[in-house]
Amino acid sequence: MAKQSRRLGDILVECQRLSEPQLSAALKVQEAQGGRLGEILCQMGCVERGTIRQTLAEQHEIETVDPLVQQPAPDALALVSADVASKYQVLPMSVAEGVMVLAMADPFDREALDVVRMFTGLRVDRRYCEGQTLADALAEYYGSNVARMIATLGHDDMGSEQTEVADLASHLQALAREPTVVNLVNLIIHEAIEAQASDIHVEPFEKVLKVKYRIDGILHEMTPPPKPLQSAIISRLKVMGGMNIAERYVPQDGHIDFNTPRGKVDIRVATVPTVFGESIVLRILDRTASLFDLDHLGLGANELKTYRNLLHQPHGVVLVTGPTGSGKSTTLYGSLMHIYSPHLKILTIEDPVEYQLEGVNQIPVNPKRGVTFADGLRAILRQDPDVIMVGEIRDQETADIAIRAALTGHMVFSTLHTNDAAGAITRLVDMDVEPFLLASSLRAVLAQRLVRKICEHCKCAVEPSASMLERLGHRPNGYHGDQVFYAGTGCRECRQTGYNGRLGIFELLVVNDKVSEAIAERASAVQMSALMPTDHVSMAEDGYQKALRGLTTLEEVFRVTQEN
């Protein structure tokens with residue numbers, strides 16, 4: 001009894017989950033407004049809801065269970081449907097003598113307890129299970145929500161694609177409004193967001209409709225929906241994206257504002273006609289995700305110091321280069337956040353605006369309304385800006401305006417799609433930008449790629465591959481036994497891939513006098529690379545050093561740099 005009489009706040013303080021001043025402030029709010037202390041602490045941001053639940057479980061002597069370690073009994077799982085388990089966040093563990101042991105994310109959810117009792121006719125013995133652990137267990141023992149729904153759909157035909165009526169817009173609209181299709185599409189998008197995927201690919205083939213999530217830069221194939229649902233699923237995505245549902249033979253673009261419990265997620269939708277139907281890619285732009293500051297991008301200490309100094313130049317052009325999905329926008333946003341001041345007028349022109357920055361005027365590109373990068377940049381120059389960010393330099397007109405803006409006293413940030421830093425310079429010259437203007441305005445080029453990080457949960461030391469060392473420019477006989485490389489063996493935390501999350505590898509080219517002269521003389525990328533100082537760090541070398549520090553693998557560095 002003594003243990004049960006201990007107060008929630010006291011337990012939180014004893015376990016160092018809450019400070020005395022925070023408890024005092026919460027008690028004052030409770031005294032003035034009433035309500036439960038746990039709810040008040042959550043609203044004040046002092047303690048997470050999961051911590052409150054765990055502490056309440058301890059207070060009431062409710063045992064904690066990990067279903068991924070202590071496996072549920074199959075006969076218990078059969079008594080509670082997947083839908084009920086998912087909706088109420090419960091997982092049956094065992095049944096004996098009329099009592100079901102039930103793992104719960106919230107052991108005090110009376111509605112969940114009543115529903116389980118009603119469906120099973122059993123008494124319930126509660127166990128506490130941490131929320132994410134329970135979600136992982138539900139996915140493992142019942143399958144993902146999408147997989148379960150697809151399994152229940154089976155191969156019931158919702159309308160043959162061979163019939164002429166399927167070509168009618170009215171019929172496609174009707175298919176897109178089917179509750180089953182609406183729920184399935186919403187589940188596919190929701191699970192991709194929860195898995196932190198950057199893209200969803202819906203690809204039609206002759207006998208199957210494939211769905212893939214791009215997670216940490218790699219595509220993962222998911223449970224395929226029934227082929228007969230192809231027209232309905234694609235039509236639903238086009239309706240959500242505001243596209244012409246009847247036009248199936250030309251590429252289209254659209255966007256979806258998708259609401260999640262954490263906030264709104266913007267999704268760019270692009271369709272392209274293929275032999276077996278329209279292929280759709282959804283790019284997920286999660287505006288609720290936190291942006292990295294420059295310290296957390298992965299730049300080396302020397303490169304970070306140099307890059308920060310470049311950002312505070314009064315005028316000039318700084319370019320960030322790399323392929324699509326290499327984190328260029330994140331670097332530019334981090335750069336703007338670093339230099340932001342109420343005393344600076346900062347404007348951006350982007351396609352699209354991926355993250356909203358406080359205090360920065362951001363303009364979305366909209367060609368249908370006459371707002372291109374070039375037109376938007378001209379308008380920005382009439383707004384008396386100090387700093388300008390151009391989402392991408394795609395043509396000569398945009399490049400010329402950006403460079404002339406830098407020459408007239410503005411700091412300009414932008415991106416290019418090139419393979420390395422030196423290649424950005426030759427790319428601009430190939431766009432017919434005047435070399436002498438480029439030499440006068442360009443301050444630096446930062447080339448980057450994203451490599452997958454080794455999963456910390458299954459990380460172990462490995463012997464480096466001699467061939468991989470050679471490919472990255474490091475002779476095997478130069479390898480010392482005291483240098484340790486690592487790799488992930490694969491676990492549930494990383495979906496058996498050995499990787500979890502990504503970080504950047506970089507190459508910073510600072511335009512010094514020698515490089516500036518080479519630009520004016522139309523030097524090639526190879527010639528400019530030869531002018532790099534002795535302490536210049538190539539992208540492959542930066543990746544090698546990060547592999548040596550146990551952050552990534554040699555194979556991953558080679559994959560993204562493709563050095564020979």
Side-chain angles (χ1 to χ4, degrees), residues 294 297-313 316-323 326-328 331-332 335 393 399 403 406 412-431 433-451 469-475 478 503-549 552 554 557-564:
L294 293 181
L297 291 177
L299 280 163
N302 293 334
E303 287 75 17
L304 179 59
K305 181 179 179 181
T306 302
Y307 186 68
R308 278 178 166 168
N309 291 336
L310 288 164
L311 297 181
H312 290 285
Q313 296 289 318
V317 176
V318 173
L319 296 175
V320 180
T321 74
S326 60
K328 300 185 297 296
T331 298
L332 286 181
S335 303
I393 293 178
I403 287 169
V412 180
F413 300 102
S414 191
T415 70
L416 271 177
H417 287 87
T418 61
N419 291 326
D420 55 23
I425 298 171
T426 55
R427 172 73 182 280
L428 287 171
V429 174
D430 289 343
M431 285 184 182
V433 173
E434 289 293 343
F436 72 93
L437 294 177
L438 183 59
S440 302
S441 60
L442 189 62
R443 295 290 174 263
V445 181
L446 181 69
Q448 68 179 68
R449 299 286 190 281
L450 291 177
V451 294
L469 286 169
E470 282 190 310
R471 286 175 174 180
L472 291 172
H474 295 266
R475 297 190 180 280
L503 79 158
I505 59 173
F506 301 89
E507 177 188 10
L508 180 61
L509 187 161
V510 178
V511 180
N512 54 27
D513 292 339
K514 289 184 178 180
V515 175
S516 181
E517 291 175 8
I519 295 172
E521 294 172 1
R522 296 178 179 269
S524 67
V526 174
Q527 291 172 321
M528 274 183 281
S529 296
L531 299 174
M532 298 297 106
T534 55
D535 61 349
H536 176 76
V537 179
S538 69
M539 196 180 302
E541 178 62 25
D542 186 40
Y544 175 83
Q545 293 300 326
K546 286 183 169 73
L548 199 55
R549 286 159 51 195
T552 188
L554 294 174
V557 174
F558 178 75
R559 181 183 70 83
V560 301
T561 60
Q562 293 294 299
E563 295 287 343
N564 296 314

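Here, residue 1 is the first one in the sequence, and each next residue gets the next number.
- Within the 4.5 Å cutoff, the side chain of V451 has no heavy atoms near those of the F558 side chain.
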Which donor-acceptor pairs under 3.5 Å do side chains of residues 509-522 form with protein atoms, sequence neighbours excluded?
residue: N512; atom: OD1; partner: K514; partner atom: N; Å: 3.2
residue: N512; atom: OD1; partner: V515; partner atom: N; Å: 2.9
residue: S516; atom: OG; partner: A439; partner atom: O; Å: 3.2

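- Residue H417 comes nearest to P323 through the heavy atom pair CD2-C, 3.9 Å, listed as atom of the first residue, atom of the second, then distance.
- Between L446 and L299 the shortest side-chain heavy-atom distance falls below 4.5 Å.
- With sequence neighbours excluded, the residues forming a side chain to side chain donor-acceptor pair (under 3.5 Å) with Q527 are S524, listed by chain and number.
- Residues G322 and K328 approach most closely at O-NZ, 3.1 Å, considering heavy atoms.
- Nearest heavy-atom pair across E541 and Q545 is OE2-NE2, 2.7 Å.
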Checking L294 against L311 for the side-chain contact (heavy atoms from CB on, under 4.5 Å) test, could you report, in this order, the C-alpha distance in whole Å, the side-chain angles of both residues, the deciding distance, and whether it holds? CA-CA 11 Å; L294 293 181; L311 297 181; 3.6 Å; yes
Assess the residue pair V320 and F413 against the criterion (side-chain contact (heavy atoms from CB on, under 4.5 Å)); give the C-alpha distance rounded to whole Å, side-chain angles, the decisive distance to 0.1 Å, and a yes or no. CA-CA 8 Å; V320 180; F413 300 102; over 6 Å; no
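- I393 pairs with exactly one of T415, V317, L319 by the side-chain contact (heavy atoms from CB on, under 4.5 Å) rule, that one being L319.
- Sparse packing is recorded around CG of N419, with 12 or fewer heavy atoms of other residues, nucleotides or ligands lying under 6.0 Å away.
- A distance of 9.0 Å separates CG of L310 from CZ of R443, quoted to the nearest 0.5 Å.
- We find the CG-CG distance between L428 and L437 to be 11.5 Å, quoted to the nearest 0.5 Å.
- Annotation for G423 and T418: closest pair O-CG2, 3.8 Å, computed over non-hydrogen atoms.
- Interatomic distance, CD1 of I403 versus CG of L442, reported as 7.5 Å (0.5 Å rounding).
- Put simply, the side chain of R449 never gets that close to the backbone of G504: no donor and acceptor are under 3.5 Å apart.
- Residue pairs meeting the salt bridge (Lys or Arg N to Asp or Glu O under 4.0 Å) criterion with at least one partner in residues 299-312, sequence neighbours excluded, are D295-R308.
- Remark: the Q448 side chain and the T321 side chain contain no N/O donor-acceptor pair separated by less than 3.5 Å.
- Using modelled atom types, one side-chain atom of K546 and one backbone atom of G298 make a donor-acceptor pair closer than 3.5 Å.
- Listed by chain and number, the residues in a side chain to side chain donor-acceptor pair (under 3.5 Å) with T552 amount to none (sequence neighbours excluded).
- Of the inter-residue distances, the one linking F506 atom CZ with S326 atom OG reads 9.5 Å to the nearest 0.5 angstrom.
- Contact record, A547 with L554: CB-CD2, 3.9 Å, taken as the closest heavy-atom pair.
- For the side chain to side chain donor-acceptor pair (under 3.5 Å) test, residues two or more places apart in sequence or in another chain that qualify with H536 are E507.
- Under the rule for a side chain to side chain donor-acceptor pair (under 3.5 Å), S414 has no partner lying at least two apart in sequence or in another chain.
- In this structure, G543 and V557 approach most closely via the heavy-atom pair O-CG2, 3.4 Å.
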Report the C-alpha distance between V560 and L450 in whole Å, list the side-chain angles of each, state the deciding distance to 0.1 Å, and finish with yes or no for side-chain contact (heavy atoms from CB on, under 4.5 Å). CA-CA 7 Å; V560 301; L450 291 177; over 6 Å; no
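- Looking at D542, its side chain never comes within 3.5 Å of a backbone N or O of I505 through a donor-acceptor pair.
- Distance check, rounded to the nearest 0.5 Å: OG1 of T331 to OH of Y307 gives 6.5 Å.
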Given I425 and L438, is the side-chain contact (heavy atoms from CB on, under 4.5 Å) satisfied, shown in steps? CA-CA 8 Å; I425 298 171; L438 183 59; 4.1 Å; yes
